Amino acid sequence: MPELPEVETTRRELEPRLVGRRVKRVVVREPRLRWPVPPELAARLEGRRITGLARRAKYLLASARGGTALIHLGMTGSLRLMSSSDPAGPHDHVDWRLDDGQCLRYRDPRRFGAMLWWEGAPARHPLLSRLGPEPFTDAFHGGWLHERSRGRRAAVKSFLMDGRIVAGVGNIYANEALFEAGIHPGRPAGRISRERYERLADAVRRILSRSIGAGGTSFRDYVRTDGEPGRYQTRLMTYDRAGKPCVRCGAALRGRIIGQRSTVWCPRCQR
DNA sequence: CTTTACGCCTGACGGC
DNA sequence: TGCCGTCAGGCGTAAA
């Protein structure tokens, strides 16, 4: 499931091979993603050069003269670079054929992802305009989490996964960061001290950094741009490990649905 | 404002 | 073996 580390891994791998290239042709085999791929995406992108590739939360932003393509990988999306002559497989919904013979190919079996075109400033896009700070910026710190959580009764895990609080933390890494910080995922967000939120902010950054360093987590569908899986799934401490021993203390990890998401924690290490 | 539930979608899995 | 029900889940949206 692509979260911030998977999207950032994709961005870093694509950037040197995509930026500066001209898009010769956009082929949309299946426009029915989360929102329909708009016809103007192909119309505007064809013939233009990609001038940059940025990330905001889990969105990739490919800029060109006159606009920006927003790409979201949803649950099962991946972007790979291959030869334009490679035959498309199942769920390969969109190709960007480039001027050097490469092809940027978007695959997404469940079609929860998106590919949109936006002609204004990216920060003004409705999907981006209300996002909270990026985890790796100075604006994200324990004091911010503490301040924003006052009066909130929802579980800290749900709070941490709220994109308006911090951008890009999804279910897997919320579980991992709370484990690392020793905080029970079900604890009401408003009842956690500033000191513990400092530890949580640090843990979020550390967990995300480690996963980016490993090329992300591949559970089912996510692959890197060369088709290889990420390596971080071998280092997950909680996710998908309910009932298994805690890597730190050996106690059996507990699992429960919190905020409609599978949640795993150690009953001894997390309070 | 916050919180909760729903739905989009396919593939994997378990039960019979 | 095959069919079918259930589940997973990012995240926008609607409703409470």
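Since we're looking at a predicted model, the values are computed, not measured. By convention in this document, chain letters (A, B, ...) are assigned in the order of the sequence lines, proteins followed by strands, and residues within each chain are numbered from 1.
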What's the [atom1]-[atom2] distance between [X] and [N], to the nearest Å?
{"X": "A:D162", "N": "C:dT13", "atom1": "CG", "atom2": "P", "answer": "15 Å"}
{"X": "A:F159", "N": "B:dT4", "atom1": "CZ", "atom2": "C1'", "answer": "17 Å"}
{"X": "A:R32", "N": "B:dC8", "atom1": "CZ", "atom2": "P", "answer": "13 Å"}
{"X": "A:R152", "N": "B:dT2", "atom1": "CZ", "atom2": "P", "answer": "5 Å"}
{"X": "A:L116", "N": "C:dG10", "atom1": "CG", "atom2": "P", "answer": "19 Å"}
{"X": "A:M161", "N": "B:dT3", "atom1": "CE", "atom2": "P", "answer": "15 Å"}
{"X": "A:M75", "N": "B:dG11", "atom1": "CE", "atom2": "P", "answer": "13 Å"}
{"X": "A:N175", "N": "C:dG10", "atom1": "CG", "atom2": "P", "answer": "10 Å"}

Open item on the list: Both A:R130 and A:E3 contact DNA chain C. Taking the nearest nucleotide for each, which residue is further toward the 5' end?
Closed with: A:E3
With respect to the side chain of [X], which nucleotide from [options] is positioned closest?
{"X": "A:W35", "options": "C:dG9, B:dT3, C:dG12", "value": "C:dG12"}
{"X": "A:R110", "options": "B:dT10, C:dG12, C:dG10", "value": "B:dT10"}
{"X": "A:Y239", "options": "B:dT10, C:dG10, C:dA8", "value": "C:dA8"}
{"X": "A:R111", "options": "C:dG9, B:dT10, B:dT2", "value": "B:dT10"}
{"X": "A:F112", "options": "C:dG10, B:dG11, B:dT3", "value": "C:dG10"}
{"X": "A:L127", "options": "C:dG12, C:dG10, B:dT10", "value": "C:dG12"}

TODO: Determine the contact category for A:L73: base if any of its heavy atoms lies under 4.0 Å from a base atom, sugar-phosphate if only primed atoms, P, OP1 or OP2 are that close, otherwise nothing.
DONE: nothing
TODO: Report which part of the nucleic acid A:Y59 touches: base, sugar-phosphate, or nothing (heavy-atom distance under 4.0 Å, all strands).
DONE: sugar-phosphate
Open item on the list: Consider side-chain hydrogen bond (donor to acceptor under 3.5 Å, both in side chains). Of A:E176, A:R261, A:K157, A:Q260, which one does A:N171 pass it with?
Closed with: A:K157
Open item on the list: Same cluster or not: A:F179 versus A:I183, using hydrophobic residues (I, L, V, M, F, W, Y) connected whenever any side-chain heavy atoms lie under 4.5 Å apart?
Closed with: yes
Open item on the list: Checking the side chain of A:R80 only, and the main-chain atoms of A:D226 only, is there a donor and an acceptor separated by less than 3.5 Å?
Closed with: no
TODO: Would you please say whether a donor-acceptor pair under 3.5 Å links the side chains of A:Q102 and A:R17?
DONE: yes
TODO: Report yes if at least one side-chain N or O of A:H91 is closer than 4.0 Å to OP1 or OP2 of B:dC9; otherwise report no.
DONE: no
Open item on the list: My understanding is that only residues two or more places apart in sequence, or in another chain, count here; which of them pass salt bridge (charged side-chain N to carboxylate O under 4.0 Å, His left out) with A:R152?
Closed with: A:D162
Task: Pair A:E134 + A:R55, salt bridge at N-O below 4.0 Å - done: yes
Task: Position toward the 5' end of DNA chain B (nearest nucleotide), A:A155 or A:R34 - done: A:A155
TODO: Could you check if a side-chain atom of A:V37 sits within less than 4.5 angstrom of a side-chain atom of A:R32, using non-hydrogen atoms only?
DONE: no
Open item on the list: Any heavy-atom pair between the side chains of A:Y59 and A:V7 that's under 4.5 Å?
Closed with: no
- [ ] Specify the residues of residues 254-262 of chain A, ordered by number, for which at least one heavy atom lies under 4.0 angstrom from an atom of DNA chain C.
- [x] A:R261, A:S262
